[in-house]
> 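Structure in structure tokens, see below.
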Amino acid sequence: MRSSELLTKCLENEGVEYVFHLPGEETLALTDALSQSSVRLVTVRHEQAAAFMAGVYGRLTGRAGVCLATLGPGATNLATGIADAYVDRAPLVALTGQASLEHVHKDYHQYVDVVGILRPVTKWNNRIQRADTVPEAVRKAFSIAEAEKPGSTNLEIPEDVADQVTERKPIPHVLGPEQSRPRTGQIRKASELINQSRTPLVLAGNGITRARAAGSLRKFLAGARIPVVHTFMGKGAFPDDNPMSLYAVGLQTQTAVNKVFEQADLVLAAGYDLVEYGPGFWNPRSDKIIIHVDSTSAEVDSNYQPRIQLVGQIGETLTHLKELVKPRPASYGKNLRELIVQEAEAGSRDESYPLKPQRILQDIRKALTRDDVLVSDVGEHKLWISTHYPAYEPNTVLISNGYSSMGIGIPGGLAAKLVRPERKVVVACGDGGFLMSCHELETAVRMNLSFPIMIFHDNAYGSIKRKQMTRYGRTAGVDFQNPDFVALAGAFGLKGYRSEKASDFLPMLEGALESPKPSIIDVPVNYS
Ligand SMILES: Cc1ncc(C[n+]2csc(CCOP(=O)(O)OP(=O)(O)O)c2C)c(N)n1
């Protein structure tokens, strides 16, 4: 068969359900082969969205999402989404077309060195030079993308290579190496440190969600009774309505939760990723005892010098620790939570208009069950969601907090609805991020994927505006005008809503959640 067909067979062999793509001349053979396979082609309106969708698919399933684009502009349009998956640790395999090998040594139409461009934003990245190497290259791309810590890989397929004929077959899967386990002695030492600590704290990151270790964390904490702070991407690892939860941390301005860190003498960092909230913020004097529980060894950082590293399967490590860590009294940590909950709930019943973010988040929480999914774009709204929106289950609040790329919200909602069709999905965007990806509304309509997209409408790049005001007392280049969002919804054949007072948002959202189509809800917001 031709290598484009073999590559398609290899994708089937990997269990690939969807390829998110935008077509091009150099990928003709591949799209044609895919059309004859069990893999479903999801055609998008901008390659960046294809990569965002693949990344969010990967985060939700643990299996690499796949995106496909042509050479040159197609590939460079993918780059932001590929980088997002790289920094947010989402398994993603990108496939990019390329000119025939006979052209790539010289000036040639649309040719740029895509492998070179994508090198810094992928874990592995390679040009396929011969049809016979396709099975190994595909297996390797998936294996590396999905291995801890997951991320993006890229395979470039030159046009002539896609047409070469080969006798090879997909490589059967072999069981990956079993993840290591920390030694019993190390676990004992860690438990002794925890038992000796006066004010221990757990910092739960998104490694827990990836390792499907939320159950073990919950059991560990039910016994140990140590308060938990999440990173933004760790939200849902532990339920925020449990008295031991201190919500999430990610901003220096969160006075209450930062005070808790100040008081902590020991931090058990489980699945914590330094890209989210650097240790310099919560351990500025490097004086805390840190126990690192993760699938990989700790990044080197002068403010993150773990006393012990428990590297291996996170869930198993916590299960072993549970046996040795002594329970604390039920009262421990109670007073810590009060202030944080007060902060989270303040303003949640506010009737003012434009709406307070707390009120919007409270209403979204009312409209969704514990298992439904809220996808956030990036901006001021993300910071409110991260710090004020209670989460109860892993992967129910999807936030990009590593790469933090605006525009991920709508593609993320699409991917979430594809992976979890039985759940309600709501996308929250700023008016800036919404216009970066609103073209994908057409994709959602075409694919019959229904979810409300609510726009925090403030006519500005809100979070940057706030930072300018804080730093300089004035703003520059952050204000803009918006289209009529209700009319824009109409242009896509969708229902658009505009909130005219605080009390109409919740009924609008509930109505939109019942609709068989996506919808837009324009919500004027007062961030001040
Ligand atoms: C692609 C990209 N460009 C720029 C930024 C920097 N940035 C972070 S937040 C933000 C403002 C977002 O504005 P908006 O989408 O309106 O949301 P708001 O802050 O108003 O809630 C900007 C420009 C970014 N994170 N990603």
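Order of appearance sets the numbers: ligands from 1, and atoms from 1 within every ligand. FYI, side chains are in, hydrogens and waters are out, and symmetry mates aren't considered; it's all heavy atoms of this structure. Residues take their numbers from the sequence shown, with the count starting at 1.
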> For ligand 1, is any non-hydrogen atom under 4.0 Å from Asp431's backbone (N, CA, C, O), its side chain (CB onward), both, or neither?
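It is both backbone and side chain that touch ligand 1.
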> Within 45° of the axis and under 6.0 Å from the centre of the six-membered ring of Tyr497, does NZ or CZ of Lys495 qualify?
yes
> Considering only non-hydrogen protein atoms, determine which one is nearest to atom 26 (N) of ligand 1 and report residue, atom name and distance to 0.1 Å.
Met406 N, 3.2 Å
> Report yes or no: is the cationic atom of Arg370 (NZ for Lys, CZ for Arg) closer than 6.0 Å to the six-membered ring centre of Tyr392, at no more than 45° off its axis?
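Output yes; distance and angle both within limits.
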> Among all the protein's non-hydrogen atoms, which is closest to atom 8 (C) of ligand 1, and how far away is it?
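Its nearest protein heavy-atom neighbour is Ile464 CD1, 4.0 Å.
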> Of the side chain and backbone of Ser463, name the one, both, or neither that has a heavy atom under 4.0 Å from an atom of ligand 1.
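Both parts.
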> Below 4.0 Å, non-hydrogen atoms only: which portion of Tyr527 touches ligand 1? Side chain, backbone, both or neither.
side chain
> Could you find the nearest protein heavy atom to atom 15 (O) of ligand 1 and give me its residue, atom name and distance?
Gly433 N, 2.8 Å
> Looking only at protein heavy atoms, which one is nearest to atom 14 (P) of ligand 1, and how far off is it?
Gly432 N, 3.6 Å
> Nearest to atom 18 (P) of ligand 1, what protein heavy atom do you find, and at what distance?
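Scanning the protein heavy atoms, the shortest distance from atom 18 (P) of ligand 1 goes to Glu380 N, 3.5 Å.
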> Nearest non-hydrogen atom to atom 17 (O) of ligand 1 belongs to which of Ser405, Ala428, Ala460, Gly430?
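Checking each option, the heavy atom nearest atom 17 (O) of ligand 1 is found in Gly430.
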> Would you kindly specify which portion of Cys429 sits under 4.0 Å from ligand 1, judged on non-hydrogen atoms: side chain, backbone, both or neither?
neither
